Amino acid sequence: MEDPLCLLTVHAHPDDESSKGAGTVHKYHEQGVHTVLVCCTGGEAGDILNPAMDKPEVRERLHDVRMEELARATELIGYDDVVMLGYRDSGMPDTPENEDPRSFAKGEFDEAVGRLVAVIRRQKPQVIVTYGDDQQGYPHPDHIRVHEITLPAFEAAGDPDAHPDAGPPWQPLKLYYVAWARARIVALHEKFQELGLESPFDERWFERPSQDHRITTRIDVREHDDARRSALLAHATQIDPESPFWFGLPAEVAREAYPYEDYVLARSLVDSDTPEDDLFAGIRVSDRA
Ligand SMILES: [Zn+2]
């Protein structure tokens, strides 16, 4: 018996799973791939970014509210399992949250790697998705930490001598970084202009060096954009439904303007030719026949 296909993504806060790669997960879930989200923190330090939700009764129980939002969003995306790694949101540098020893960024590094190794060994993913090594665009300490722990966890999960208490070894086969393509920004920006709408993409978006030459893998998600949009909206405290950045274009226009999610293949133990259009290229039984 072949092991069933499993895709595991590692994200920092509730809502990151909806803003990065949600269409991809929805697509693989529909194909019968087992999909697992590892959410490293509870997002306690997040601001309420939707004015309509900025009320004392929401503020008081923000942690619980964000957990409820996450449950709804992950159901819409089609995550079969959601695993909380159990850390507190580290907030941005120079905030009190950032000094909290229970925070993800201040917690002991090997301990965090070990927690992720235990999840990988239990869930047995062939493919892991994490954040890239270049996070200049949004240098949140928790996002940087996600990248930093996933690399050693990918290697250690298959090593019987590493974290021996974290279960029997399991070696994932491919590691990807989520990418936010310049080509996406250009395509959406041009659509705003074409329709005579004000584009949320100002010159700062175009000043950052493009990472597009690193993209190896492009997943067609045009059939899965509704799931992505509704999952974003489920994060009512974090995502303003009036946001031009997320919802400025009509849904049917946005879907066709740039119908892909992009990835960088960072580590692979199988043969697959890049560019790819499938995260499981080289892993499926048909590829190896
Ligand atoms: Zn985040």
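Numbering of ligands and ligand atoms starts at 1, following listing order. Only a predicted model underlies this, so the values are computations on that prediction, with no experimental measurement involved.
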Novice: Return the orientation label for the H13 and H140 ring planes: parallel under 30°, perpendicular over 60°, tilted otherwise.
Specialist: perpendicular

Novice: For the residue pair H143 and Y138, is the inter-centroid distance of their aromatic rings smaller than 6.0 Å?
Specialist: yes

Novice: Are the ring centres of Y28 and H34 closer than 6.0 Å?
Specialist: no

Novice: Do any N/O/S atoms of H143 come under 2.8 Å of the Zn ion (ligand 1)?
Specialist: yes

Novice: In D16, what N, O or S atom is nearest to the Zn ion (ligand 1), if we give its atom name?
Specialist: OD2

Novice: Flag yes if more than 12 heavy atoms outside K191 fall under 6.0 Å of its NZ atom; otherwise flag no.
Specialist: no

Novice: Which of the N/O/S atoms in H13 sits closest to the Zn ion (ligand 1)?
Specialist: ND1

Novice: Would one find an N, O or S atom of D142, in either backbone or side chain, under 2.8 Å from the Zn ion (ligand 1)?
Specialist: no

